[in-house]
Number of protein chains: 2
Amino acid sequence: MSVLQYDIFVKSAELGSLTLAAEALGCTQSNASHAISALEKELGLILMQRKRSGVRLTPEGERLLGHMKQICQGEAMLQEEARQLRMGESGKLRVGSFTSVAVHWLPEIIKRFQALYPRIEFELLNGDYHDVDEWLRSGKVDAAFTRLPSSLPCRLIPLYEDRLMAILPLHHAKAKLSAFPISEMRDEPFISLLESSDHDSARLLRDAGVQPDIRFSTKDDYALIAMVANGLGVSIVPELLLMGRADSIAAVPLDPPMWRSIALAIPQSSENRPAVKRFGAFMEEWSKELNIPTQPFSK
Amino acid sequence: MSVLQYDIFVKSAELGSLTLAAEALGCTQSNASHAISALEKELGLILMQRKRSGVRLTPEGERLLGHMKQICQGEAMLQEEARQLRMGESGKLRVGSFTSVAVHWLPEIIKRFQALYPRIEFELLNGDYHDVDEWLRSGKVDAAFTRLPSSLPCRLIPLYEDRLMAILPLHHAKAKLSAFPISEMRDEPFISLLESSDHDSARLLRDAGVQPDIRFSTKDDYALIAMVANGLGVSIVPELLLMGRADSIAAVPLDPPMWRSIALAIPQSSENRPAVKRFGAFMEEWSKELNIPTQPFSK
DNA sequence: CTATTACATGAATATTTTTCATGCATAATA
DNA sequence: TATTATGCATGAAAAATATTCATGTAATAG
């Protein structure tokens with residue numbers, strides 16, 4: 001039984017007239033008559049008494065009217081919500097990110113995006129590169145920050161070139177260098193992230209053929225920084241992670257200089273979700289505004 | 001959009017599988033797939049992500065799920081209520097009656113009927129014969145007590161032959177008669193009901209060619225009795241009206257004896273309303289039980 | 001690498017909804 | 001009282017929708 005038939009019934013009851021109801025709903029009087037007859041047949045009850053002067057609910061019709069109204073209202077709400085979702089003016093965004101982005105970018109991004117689209121809500125998932133890629137692949141997120149190059153079946157929006165920095169205790173002998181030769185990394189106790197195979201520093205050192213002297217490993221970026229700050233060794237991290245830490249550690253660009261490329265990835269399957277589209281467009285704009293002056297460690 | 005499609009969607013979301021949902025709802029997997037595609041097309045949104053492992057709601061789907069559930073629940077409640085109404089186990093009965101029935105019969109009738117069908121509710125309308133017939137004709141009541149003969153387009157269930165009695169002040173000279181000759185009515189001050197043309201006593205006297213000496217008229221049966229009780233005159237009323245009044249007035253059968261025939265009338269238009277059917281059947285039984293011994297004034 | 005599982009798809013069919021063109025009854029009107 | 005609107009009913013035709021059948025495709029498990 002189609003919801004329109006309930007609409008016809010409700011309207012007819014309201015107006016006391018099939019003709020007027022049909023008019024109001026933009027269909028023929030015949031349609032209204034048929035529809036209500038069909039309804040009555042389906043329910044096995046007589047719902048209205050027809051008279052020359054119009055129609056009036058029977059007690060049965062009156063009893064059932066409420067339920068039909070509820071259905072019609074549900075339908076209306078469904079349509080309204082669908083409309084908003086279509087417009088991309090409401091919805092839910094599941095966004096994946098890794099630590100540095102989650103800490104230094106996301107708060108501002110969300111604040112600004114929400115100001116534009118107050119009815120879109122966020123669900124944030126934080127993990128390491130590997131987690132994020134997995135979420136993108138499985139559709140657990142609608143958009144995620146990742147590194148380039150990427151082989152994911154996603155639309156990739158490049159956002160930022162993030163310089164990799166050697167970090168040292170504040171008063172380390174090499175803290176004043178203008179560049180830290182990678183090869184010298186093997187001369188220092190090295191602090192590493194766990195599951196490091198996928199991490200920037202590990203990749204970088206491997207590519208450079210430098211075997212670091214790993215003394216400690218940790219899972220957390222900030223624990224790593226804390227270890228360096230306390231003089232336990234040195235490490236290599238992206239500059240973005242260091243925002244606001246200038247007072248506790250020293251950071252020096254590498255020699256040769258290296259970067260990681262941060263991009264926003266939007267899985268093919270989410271690409272035409274309206275809220276996601278809005279977010280993609282927003283981030284594209286946002287990346288243009290990313291201005292180097294705000295960088296914490298300029299040399 | 002048919003409610004069944006919402007059912008399919010909700011079930012699929014619940015089970016995470018089109019195949020299982022189709023099975024549960026007794027349709028084909030293909031149907032489920034088509035149905036959800038149609039829904040998505042109609043709403044202009046992608047509601048589920050399909051994978052070999054099954055289906056999972058997109059955030060949009062999740063948003064809309066609630067509304068669809070509401071619609072499905074409304075539909076279920078509608079069907080359930082309709083079922084009860086079909087069975088005649090719930091519903092509403094609008095019953096018309098005149099004073100004597102309303103006062104002396106209805107309370108017991110309702111009590112007993114409600115014991116049988118607790119979910120059927122009553123709406124009572126009281127008036128004079130004329131009102132009642134009007135209500136029957138216009139469909140304002142589903143059943144009503146009326147007199148025979150009746151020319152209404154109704155099913156008529158004869159219930160009771162109600163003797164008409166002369167009523168007199170307790171100590172009236174003729175109070176001890178075993179029968180009151182109608183012709184003698186003209187010798188006494190007569191108390192009449194207003195709009196009396198349609199009333200039993202008026203009809204009766206007219207038929208007998210007796211012109212009563214009308215001293216007072218009132219609209220209310222019990223006001224009339226009170227007038228008689230206070231010695232203002234005599235009158236003629238149906239015995240049913242006198243139940244429990246033996247101590248305040250005297251009542252004597254007429255000579256020749258006369259009756260009014262009480263019946264239940266069920267308009268054609270209400271006849272196959274389930275609750276009404278139940279009431280009709282009940283009243284038919286009830287009338288059989290109407291035993292004369294309980295009569296207040298036996299001679 | 002193959003088999004299996006689960007959803008998709010296109011064409012055919014069945015069903016339902018909607019319209020058109022009238023009919024029928026009743027209430028108002030002349 | 002006959003007449004004329006008005007409002008609902010109805011049957012057949014047309015349009016739209018829902019459902020099935022048969023088959024396709026892609027990912028996953030063995």
Side-chain angles (χ1 to χ4, degrees), chain A residues 1-43 46-58 61 68 71-72 75 134 136-140 152-153 267-269, chain B residues 1-43 46-58 61 68 72 75 134 137-139 153 267-269:
Chain A
M1 194 55 37
S2 106
V3 176
L4 220 197
Q5 299 205 281
Y6 295 139
D7 272 318
I8 291 176
F9 179 81
V10 170
K11 206 72 180 177
S12 299
E14 209 167 276
L15 301 177
S17 155
L18 299 195
T19 307
L20 293 181
E23 219 162 276
L25 297 174
C27 66
T28 63
Q29 173 270 319
S30 174
N31 187 7
S33 175
H34 280 302
I36 287 172
S37 296
L39 207 54
E40 291 184 322
K41 194 177 160 197
E42 157 143 345
L43 295 175
I46 290 163
L47 303 179
M48 322 193 110
Q49 242 192 316
R50 284 83 154 172
K51 285 194 169 178
R52 166 64 195 74
S53 51
V55 293
R56 272 210 14 225
L57 291 179
T58 61
M68 301 205 205
I71 292 171
C72 293
E75 172 78 13
E134 163 54 24
L136 281 167
R137 212 182 300 274
S138 71
K140 241 185 152 60
L152 292 166
Q268 235 115 60
S269 56
Chain B
M1 194 55 36
S2 107
V3 176
L4 184 54
Q5 299 207 279
Y6 295 139
D7 271 319
I8 291 175
F9 179 81
V10 170
K11 205 73 181 176
S12 299
E14 207 167 278
L15 299 178
S17 156
L18 299 195
T19 308
L20 293 181
E23 220 162 275
L25 296 174
C27 67
T28 62
Q29 172 270 319
S30 175
N31 187 8
S33 175
H34 280 303
I36 288 172
S37 295
L39 207 53
E40 290 183 324
K41 194 177 160 198
E42 157 142 346
L43 296 175
I46 290 162
L47 304 178
M48 322 192 110
Q49 243 192 317
R50 283 81 153 172
K51 287 192 169 179
R52 332 316 121 197
S53 50
V55 292
R56 272 209 16 223
L57 291 179
T58 60
M68 300 206 207
C72 292
E75 172 77 13
E134 163 54 24
R137 214 183 299 275
S138 70
Q268 235 116 61
S269 55

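Protein chains get the first letters and strands the later ones, always in sequence-line order, with residue 1 at the start of each. Please read these numbers as outputs of a predicted model, since none were measured by experiment.
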Which residues share a side-chain contact (heavy atoms from CB on, under 4.5 Å) with B/Arg56, sequence neighbours left out:
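Residues passing side-chain contact (heavy atoms from CB on, under 4.5 Å) with B/Arg56: A/Arg94.
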Using whole Å, report how far [atom1] of [X] lies from [atom2] of [N].
X       : N      : atom1 : atom2 : answer
B/Lys41 : D/dA16 : NZ    : P     : 12 Å
B/Glu40 : D/dA18 : CD    : P     : 14 Å
B/Leu25 : D/dT20 : CG    : P     : 11 Å
A/Glu42 : C/dT17 : CD    : P     : 8 Å
B/Leu47 : C/dA8  : CG    : C1'   : 16 Å
B/Glu23 : D/dT20 : CD    : P     : 13 Å
B/Gln49 : C/dA8  : CD    : P     : 11 Å

Taking [X] for the side chain and [Y] for the main chain, is one N or O donor matched with an acceptor at less than 3.5 Å?
X       : Y       : result
A/Glu40 : A/Met48 : yes
A/Ser2  : B/Ser2  : no
A/Ser12 : A/Ala21 : no
A/Lys11 : A/Leu20 : no
B/Ser33 : B/Gln29 : no

Does anything in residues 9-20 of chain B reach DNA chain C, meaning a heavy atom under 4.0 Å, and if so which residues?
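DNA chain C contact set from residues 9-20 of chain B: B/Ser17, B/Leu18, B/Thr19.
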Are B/Arg50 and C/dA8 close enough that a side-chain N or O sits under 4.0 Å from OP1 or OP2?
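The answer is yes; a side-chain N or O of B/Arg50 sits under 4.0 Å from OP1 or OP2.
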Kindly indicate whether the side chain of [X], heavy atoms from C-beta on, has any atom under 4.5 Å from the side chain of [Y].
X        : Y        : answer
B/Met68  : B/Leu47  : yes
A/Glu75  : A/Tyr6   : no
A/Leu152 : A/Arg137 : yes

What string of B, S and - do you get for nucleotides 18-30 of chain C, 5' to 3', if B is base contact, S is sugar-phosphate-only contact and - is no contact with any protein heavy atom under 4.0 Å?
BBBB----BS---
